[in-house]
Amino acid sequence: MTVAVSVRDLLPRDLPACAWSGSATHLRHVERELARAVAGEVDYLAVCTPVDLPVAIGGIDYRVSAGAGTLWQLAVLPALQSRGLGTLLVRAAEQRIRSRGLRRAELAVEVDNPRARALYERLSYAAYGRKPDAWDEECPDGSIRRHETMCVLMRRSL
């Protein structure tokens, strides 16, 4: 069965339906990023079902790298992965980047996420470096721990 989906801006009212994308701490962070979207510093997109439920979300930050849009926090509802939603989300993000007159998209993917990296490589992203990254994440018991990782930096000319 094929279901039509659409891409639109993620809205604060969508956040309760995005619990699949991360913890309450993560969703509070996304909510802060939506305030930056109002200021034009970022775009935050949602791929939605016909009943307007987000099943894939992700942001584009225009302040990270001069002349580029940086994709980040890309997530697809786990039960719907490998059905083209990630590709749709990335292509919609690239269109947003182009609409701002920018000609390069960049992203960082954790070295231990080969599935995501394979998607980006299929979409013509090429690795150009590595860098450590870290963020706070919420544990199942509600405590906060620092997640430290190494990321592969990738980019694509648009």
Side-chain angles (χ1 to χ4, degrees), residues 1-110 112-127 133 135-138 147 151-158:
M1 178 171 79
T2 301
V3 176
V5 294
S6 60
V7 181
R8 63 167 172 78
D9 290 325
L10 184 71
L11 303 171
R13 68 174 165 82
D14 295 319
L15 294 179
C18 295
W20 54 265
S21 72
S23 67
T25 299
H26 169 73
L27 291 175
R28 283 191 297 276
H29 177 72
V30 172
E31 187 172 33
R32 286 192 300 276
E33 295 302 326
L34 292 179
R36 291 182 63 213
V38 172
E41 297 175 6
V42 303
D43 282 320
Y44 217 110
L45 304 178
V47 177
C48 297
T49 66
V51 294
D52 208 32
L53 286 174
V55 292
I57 61 174
I60 311 147
D61 195 320
Y62 300 103
R63 300 267 171 131
V64 173
S65 182
T70 301
L71 284 63
W72 98 117
Q73 295 184 345
L74 303 175
V76 175
L77 180 70
L80 297 178
Q81 290 177 355
S82 297
R83 290 180 168 80
L85 297 173
T87 297
L88 179 64
L89 179 62
V90 170
R91 293 302 190 217
E94 291 170 347
Q95 183 56 44
R96 290 285 183 102
I97 294 166
R98 278 192 295 274
S99 73
R100 288 186 177 229
L102 303 173
R103 296 290 172 249
R104 192 173 72 251
E106 298 182 350
L107 57 85
V109 60
E110 288 184 81
D112 63 356
N113 191 349
R115 186 174 178 178
R117 183 172 176 177
L119 167 66
Y120 305 136
E121 288 171 344
R122 277 194 309 276
L123 297 176
S124 300
Y125 283 77
D133 201 355
W135 55 85
D136 291 336
E137 66 181 13
E138 187 174 331
H147 176 80
C151 290
V152 175
L153 303 174
M154 303 184 81
R155 65 180 161 216
R156 176 177 186 266
S157 295
L158 303 176

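Excluded from the calculations below are hydrogen atoms, water molecules and symmetry mates; all remaining heavy atoms, backbone and side chain alike, are included. Computed from a prediction, not measured in an experiment: that's the story for all the values here.
Proximity of V7 to R91: side-chain heavy atoms (C-beta onward) are nowhere separated by under 4.5 Å. Between Y120 and R156, the closest side-chain pair of non-hydrogen atoms is not below 4.5 Å. Taking the side chain as every heavy atom from C-beta outward, W20 and I57 approach each other to under 4.5 Å. Two residues are said to be in side-chain contact when any heavy atoms from C-beta on lie closer than 4.5 Å; D9 and L45 meet this criterion. Side-chain contact between L74 and V109 is absent, with no heavy atoms from C-beta onward closer than 4.5 Å. With contacts defined as side-chain heavy-atom distances shorter than 4.5 Å, the pair R100/D43 qualifies. Looking only at side-chain heavy atoms (C-beta outward), E106 and V64 stay at 4.5 Å or farther from each other. Using a 4.5 Å heavy-atom threshold, the side chains of L71 and M154 count as separate.
With E138 contributing its side chain and S23 its backbone, the two residues share no donor-acceptor pair below 3.5 Å. A donor-acceptor pair under 3.5 Å links the side-chain atoms of R104 to the main chain of A66, judged by distance alone.
Atoms CD and CD, on E33 and E41 in that order, are 8.5 Å from each other to the nearest 0.5 Å. Taking CD1 of I60 as the start and CG of L107 as the end, the distance is 11.5 Å to the nearest 0.5 Å. Between D14 atom CG and L11 atom CG the span is 5.0 Å, to the nearest 0.5 Å. Within the model, atoms NE2 of H29 and CZ of R32 stand 6.5 Å from one another, a figure rounded to the nearest 0.5 Å. Atom CG of L102 and atom OG of S157 lie 12.0 Å apart (nearest 0.5 Å). One distance of note links CZ of R155 with OG1 of T70; it measures 11.0 Å at 0.5 Å rounding.
L10 and P54 make their closest contact through CD1-CG, 4.4 Å (heavy atoms, listed as atom of the first residue, atom of the second, distance). Closest non-hydrogen pair, G58 versus L89, comes out as N-CD2, 4.0 Å. Across all their heavy atoms, A127 and V152 have their closest contact at CB-CG1, 3.6 Å. Residue P16 comes nearest to R13 through the heavy atom pair CD-O, 3.5 Å, listed as atom of the first residue, atom of the second, then distance. Of all heavy-atom pairs between C18 and L27, the closest is O-CD2, 3.7 Å.
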- Verify side-chain contact (heavy atoms from CB on, under 4.5 Å) between Y44 and Q73, making sure each step is shown before the conclusion. CA-CA 9 Å; Y44 217 110; Q73 295 184 345; 2.6 Å; yes
- Query: Under the side-chain contact (heavy atoms from CB on, under 4.5 Å) criterion, do Y62 and I97 qualify, and how do the steps go?
  - Reply: CA-CA 8 Å; Y62 300 103; I97 294 166; 4.1 Å; yes
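No salt bridge links E31 with R28; every basic N to acidic carboxylate O contact stays at or beyond 4.0 Å.
Judged purely by distance below 3.5 Å, without hydrogens or angles, the side chains of T87 and R122 never pair a donor atom with an acceptor atom.
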